[in-house]
Amino acid sequence: MKKIIHCDADCFYAAVEIRDNPQLKGLPVAVGGKTQRRGVITTCSYEAREFGVRAAMPAAHALKLCPKLIILGHNMEKYRIASQQMREIFLDYTPLVEPLSLDEAYLDVTACTQLQSSATRIAKEIQARIYTSVGITVSAGVANSKYLAKIASDINKPNGIYTIPPKDIPSFLKTLPVKKLFGVGAVTQQKMRSLGLETCHDLTALSKIELVTHFGRFGGTLYHLCRGIDERLVTPNRIRKSISVEHTYHRDLTTAEQYVDAAGALFEELRTRIEKLDSQYIPQKPFAKLKFNDFTVTTIEKAERPITLESYKQLIREGASRQLKPIRLIGIGARLSTVISDKLNMQLPLF
Ligand code: DCP
Ligand code: MG
């Protein structure tokens with residue numbers, strides 16, 4: 001029997017802003033684009049939610065619903081730090097931490113022996129520690145599977161915990177609306193309604209074949225979810241050591257001008273990929289790799305240089321001057337460091 005905790009910070013970006021401006025406590029606060037015409041709300045405090053303000057709502061509309069709404073700009077760096085601090089706390093209980101976003105993670109605490117191995121007590125301690133050391137509140141759900149833990153974490157939000165003990169799963173599912181299941185969006189929900197399927201219990205009346213007939217492959221998943229079965233494992237992300245892009249050229253590059261052009265295009269690609277990286281990573285140490293037309297390879301790496309186009313141009317120039325041969329491939333990249341990788345390495349010697 002697994003013990004899974006799903007942990008999700010409450011109004012995360014807004015909570016970090018309020019932590020740093022305590023005079024905003026208790027007020028309707030949103031984070032998002034400020035321009036009245038084009039701005040969009042990213043998240044808002046629970047006080048603002050009482051007025052109907054929601055994430056993804058245009059700021060102009062939000063201000064109509066709540067004229068006193070205070071809209072603040074984003075500080076991604078602060079959210080990233082808060083996210084790392086939370087993960088460090090999670091890792092004190094288990095190496096099996098699977099982040100879903102900056103403020104959300106699954107923890108498999110089945111093997112954790114702290115606090116008499118009680119997942120609920122572990123969740124409470126995590127909640128208290130995050131409040132003390134990060135300064136924000138989180139909510140948690142405790143169950144024997146990922147999807148039930150996630151559904152549970154929403155029940156007592158904000159600053160709440162909800163545990164579904166295994167013996168209570170049948171009664172929990174009996175009344176659980178189908179829309180709470182992951183993968184059941186508006187369209188599927190509508191279809192279910194037309195079939196008279198409102199709760200998980202209603203779904204159990206259908207055979208697997210019937211479910212697949214109505215809902216395609218997802219029907220197979222539904223068959224298990226409505227019975228409380230979700231065997232997906234909590235899978236910690238592999239820690240990446242570097243990120244890079246490379247290109248093999250149709251015609252070998254021979255002039256400095258060609259190298260510079262190549263660097264520009266590669267850097268754009270690298271930048272896009274770095275922006276999509278998980279928040280825990282900090283790109284450091286640019287490097288470049290050149291393959292010459294005789295297939296020899298040279299790598300140039302400079303720890304002290306920033307991750308800029310200019311750095312890569314210089315690295316490529318340096319590499320090219322080593323051999324003075326036509327170049328058939330250029331790769332550029334950055335080594336990655338993460339605050340939590342040291343901690344993970346200690347707990348998981350296999351990494
Ligand atoms: N976020 C975003 N764009 C979205 C939704 C969210 O940038 N469309 C950001 C802002 C949130 C953060 O991600 O603060 C976490 O998202 P959640 O869905 O967990 O929302 P909150 O933490 O803000 O609120 P809740 O208390 O409902 O979890
Ligand atoms: Mg959240």
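Whatever order the structure lists them in is the order used to number ligands and atoms, beginning at 1.
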> Using a heavy-atom cut-off of under 4.0 Å, does the side chain or the backbone of Ala9 touch ligand 1, or both, or neither?
Replying inline: backbone
> With the Mg ion (ligand 2) as the point of reference, which N/O/S atom of Asp103 is the closest?
Replying inline: OD2
> Regarding Arg129 and Tyr93, is there a side-chain donor-to-acceptor distance under 3.5 Å anywhere?
Replying inline: yes
> Relative to atom 6 (C) of ligand 1, which among Thr42, Leu102, Val31, Thr43 owns the nearest non-hydrogen atom?
Replying inline: Thr42
>> Please compare Lys157, His74, Arg49 and report which has the shortest non-hydrogen distance to atom 24 (O) of ligand 1.
In response: Arg49
> What is the name of the N/O/S atom in Asp8 that sits closest to the Mg ion (ligand 2)?
Replying inline: OD1
> Starting from atom 9 (C) of ligand 1, which protein heavy atom do you reach first, and at what distance in Å?
Replying inline: Tyr13 CZ, 3.5 Å
> Are Lys78 and Glu17 within salt-bridge range, i.e. N to O under 4.0 Å?
Replying inline: yes
>> Within the 4.0 Å heavy-atom shell around Cys11, which atoms of ligand 1 are there?
In response: 21 (P), 22 (O), 23 (O), 24 (O), 25 (P), 26 (O)
>> Test your reading of the model: is there a side-chain donor-acceptor pair from Gln127 to the backbone of Val138, 3.5 Å cut-off?
In response: yes
>> Between Ser139 and Asp10, do the side chains contain a donor N or O and an acceptor N or O under 3.5 Å apart?
In response: yes
> Can you check whether Ala55 has an N/O within less than 3.5 Å of an N/O in ligand 1?
Replying inline: no
> Non-hydrogen atoms of Tyr46 versus ligand 1: any pair closer than 4.0 Å?
Replying inline: yes
>> Suppose I only count heavy atoms of Asp8 and a 4.0 Å limit; which atoms of ligand 1 are within that range?
In response: 19 (O), 28 (O)
> Any idea which atoms of ligand 1 are less than 4.0 Å away from a heavy-atom of Phe12?
Replying inline: 14 (O), 21 (P), 22 (O), 23 (O)
> Is it the case that Arg328 places NZ or CZ above or below the six-membered ring of Tyr249, under 6.0 angstrom from the centre and within 45 degrees of the axis?
Replying inline: no
> Which heavy atom of the protein is the closest neighbour of atom 16 (O) of ligand 1, given with residue, atom name and distance?
Replying inline: Asp103 OD1, 3.9 Å
> Could you give the distance from CG (Leu107) to OG1 (Thr94), rounded to the nearest 0.5 Å?
Replying inline: 6.5 Å
> Does Lys2 NZ have over 12 foreign heavy atoms under 6.0 Å away?
Replying inline: yes
>> Could you check whether Glu246 pairs with Lys291 (Lys NZ or Arg NE/NH1/NH2 to Asp/Glu carboxylate O, under 4.0 Å)?
In response: no
> Hey, is there an N, O or S on Val138 sitting under 2.8 Å from the Mg ion (ligand 2)?
Replying inline: no
>> If we count only N and O atoms by modelled type, under 3.5 Å, do the side chains of Tyr79 and Gln84 hold a donor and an acceptor together?
In response: no
